[in-house]
Amino acid sequence: MKKLINRPEDLVEESLAGLALAQPDLLRVVAPGVVVRIDAPRRGKVGLVSGGGSGHEPLHAGFVGPGMLDAACPGAVFTSPVPDQILAATRAVDGGAGVLHIVKNYTGDVMNFEMAAELAAADGIEVRAVTVADDVAVQDSLYTAGRRGVGGTLLVEKIAGAAAEAGADLAEVERLARRVCDGARSMGVALSGCTVPAVGRPTFELADDEMEIGIGIHGEPGRARVPLAPAAEVVRQLAEPILADLPFRAGDGVLAFVNGMGGTPLIELHVVFGALHRLLAGRGITVERSLVGPYVTSLEMAGCSITLLRLDDELRRLWDAPVRTAALRWGR
Amino acid sequence: MTETPAGAVFGAAPTVGVPELADWLRRFAALVAAAKDELTALDAAIGDADHGVNLDRGLQAVVARLPELGAPGATPASLLKGVALTLISTVGGASGPLYGTFFLRLAGSLGDAPAVGPGELAAGLRAGLDGMAERGRTQLDDKTMVDALAPAIAALAAGLPAAWDEVLARSVAAGAAGRDRVTPLVARKGRASYLGERSAGHQDPGATSAVLLLEALRDALAPAGAPG
Ligand SMILES: Nc1ncnc2c1ncn2[C@@H]1O[C@H](COP(=O)(O)OP(=O)(O)OP(=O)(O)O)[C@@H](O)[C@H]1O
Ligand SMILES: [Mg+2]
């Protein structure tokens with residue numbers, strides 16, 4: 001294992017401390033694993049709290065700031081945060097208008113957020129939760145844990161964040177978050193595994209001519225190991241299941257998000273984006289908004305994911321609204 | 001554990017008080033620490049390589065708090081409630097809330113008695129299991145820790161009032177059999193479910209740690225002279 005760390009057990013806190021020092025005008029760390037917008041709580045504003053395992057940076061702490069999250073609670077690497085953290089974040093951002101929890105659909109995250117919401121309710125804080133489950137690689141069923149939350153999470157945080165910033169009430173922010181969940185679909189591919197610092201070995205190994213398709217963002221193996229293919233073919237293997245699932249149709253306008261898993265350079269991500277753009281054009285689907293970069297990562301894993309969100313005026317306006325966070329900023 | 005548990009005549013059922021429960025937790029922590037790499041390796045195959053690390057972190061925190069949690073005035077319920085809250089706030093992942101809820105419900109079922117008998121303990125473990133399955137929305141055959149605990153706890157209740165050490169041994173055997181029985185199955189809960197068919201044939205990490213919990217119980221409550 002070759003990493004720029006001191007001790008694995010200090011990694012998360014040291015990284016958060018560094019982030020806070022780098023972004024003193026945006027956020028602060030109020031307790032271990034609790035990152036809060038510098039001006040929280042904002043009276044009368046719905047608070048947005050998200051969180052999950054660390055190792056997906058800049059998700060979620062890099063999205064704390066005006067127009068996006070009010071707080072993030074990162075757990076240990078790839079491990080959901082504990083209820084105490086989520087409760088502390090919820091209390092810190094409650095401005096009297098209620099708090100929305102944005103939860104990626106993993107058993108651990110869902111249960112820990114649920115326990116925190118029960119505790120917050122006992123404090124008299126109104127909490128609603130939306131669960132992001134956009135990964136089409138996982139077959140959904142009533143009897144399983146369901147789909148994972150992956151790249152679509154960023155879109156939920158941005159759009160719900162814009163609504164909350166504009167003064168929407170809790171029910172409205174929740175409705176918009178659900179609209180994004182309903183309209184977003186993702187799928188990812190890995191060209192390499194990644195190494196959890198506390199473990200010290202890669203979670204899986206791939207030969208030079210192999211890729212793992214249908215991966216999540218926790219270094220877990222995906223649905224199938226297949227031969228490595230040129231970028232255009234990989235894009236086809238990712239985009240087809242996404243398009244078929246919603247389904248996206250000719251005439252749709254979409255936000256196309258090509259996400260790097262942490263170890264793939266932008267030069268390759270733009271090749272992927274170009275291929276995706278051509279594939280969508282061929283289906284009569286217009287790319288109205290785009291995002292390319294490593295935003296929802298899996299440590300140093302090589303690979304990428306594609307997320308498509310069907311847009312309309314409402315979602316487009318909220319996507320375009322100003323945002324000022326460590327990792328995403330435009331407008332204003 | 002140096003003292004002989006109360007009532008530890010060969011084969012007789014001891015009463016279970018704060019020292020025995022603390023010993024159970026200490027032994028569970030030691031077994032998990034020793035199996036940490038194995039648990040994590042099992043989780044790397046069908047999950048995210050953190051089960052051993054998560055549980056070890058939480059149980060080390062529990063062990064550190066045991067002197068305080070078991071101090072004079074403690075009851076089985078207060079001890080186990082402290083254990084539950086410590087696990088919930090230090091383990092994270094799926095296993096934090098699941099094991100945490102298990103101990104919380106077990107604590108809740110024991111009232112404020114200073115010690116309990118085997119029947120009450122078995123009923124409490126059953127309540128803990130129900131709480132865990134409720135929290136996880138877990139069914140049998142989902143391929144989780146529940147598949148090891150359910151048959152083990154059933155064996156405990158069914159085995160009484162036979163000799164306590166035999167009942168405990170049978171309970172461990174039933175738990176291990178449950179763990180192994182679901183290995184060929186496709187996981188339906190937790191991260192392993194994302195693998196679909198590829199999860200079949202892999203031993204579940206949570207069912208594996210659950211058997212350690214049962215072994216620790218056996219070792220802590222078996223009469224003097226038993227291994228450990
Ligand atoms: N819904 C559930 N009900 C009961 N047990 C479950 C459930 N989901 C997962 N488990 C158990 O939890 C074990 C995994 O625990 P672990 O500590 O690795 O959590 P995790 O799923 O990796 O959590 P996180 O996703 O936050 O990291 C599985 O092997 C399984 O036995
Ligand atoms: Mg795990």
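Below, chains carry the letters A, B, ... as their sequence lines are ordered, and counting in each starts from 1. Quick caveat: nothing in here was measured; it's all calculated off a predicted structure.
The shortest heavy-atom contact between A:Phe78 and B:Arg191 is O-NH2, 3.7 Å. Nearest heavy atoms, B:Gly190 versus A:Ala145: N-CB, 3.9 Å.
Side chain of B:Arg198 to main chain of A:Gly222: a donor-acceptor pair is present (N/O by atom type, distance under 3.5 Å, no hydrogens or angles).
In terms of non-hydrogen atom pairs under 4.5 Å with chain B, the most contact-rich of A:Asp84, A:Val77, A:Thr79 is A:Thr79. Annotation: maximal heavy-atom pairing with chain B below 4.5 Å, among A:Met111, A:Arg223, A:Arg201, occurs at A:Met111. Between chain A and the options B:Leu85, B:Ile88, B:Thr90, the largest number of non-hydrogen pairs under 4.5 Å is found for B:Ile88.
In this structure, the portions of A:Asn112 lying under 4.5 Å from any heavy atom of chain B include both its backbone and its side chain. Contact of A:Ala137 with chain B is not made at all, since no heavy-atom distance falls under 4.5 Å.
Annotation: residues 91-100 of chain B contacts chain A through B:Val91, B:Gly92, B:Gly93, B:Ala94, B:Pro97, B:Leu98 [non-hydrogen atoms, separation under 4.5 Å]. Contacts between residues 40-53 of chain B and chain A, counted as heavy-atom pairs separated by less than 4.5 Å, involve B:Thr40, B:Ala44, B:Ala45, B:Gly47, B:Asp48, B:Ala49, B:Asp50, B:Val53. At a heavy-atom cut-off of under 4.5 Å, chain A is reached by no residue from residues 70-83 of chain B.
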Would you be so kind as to tabulate the donor-acceptor pairs closer than 3.5 Å made by side chains of residues 115-127 of chain B, with sequence neighbours excluded?
{"from": "B:Glu120", "atom 1": "OE1", "to": "B:Gly117", "atom 2": "N", "distance (Å)": "2.8"}
{"from": "B:Arg126", "atom 1": "NH2", "to": "B:Asp130", "atom 2": "OD1", "distance (Å)": "3.1"}

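For the pair B:Arg135/A:Glu114, a side-chain contact is recorded, criterion being any heavy-atom separation below 4.5 Å from C-beta on.
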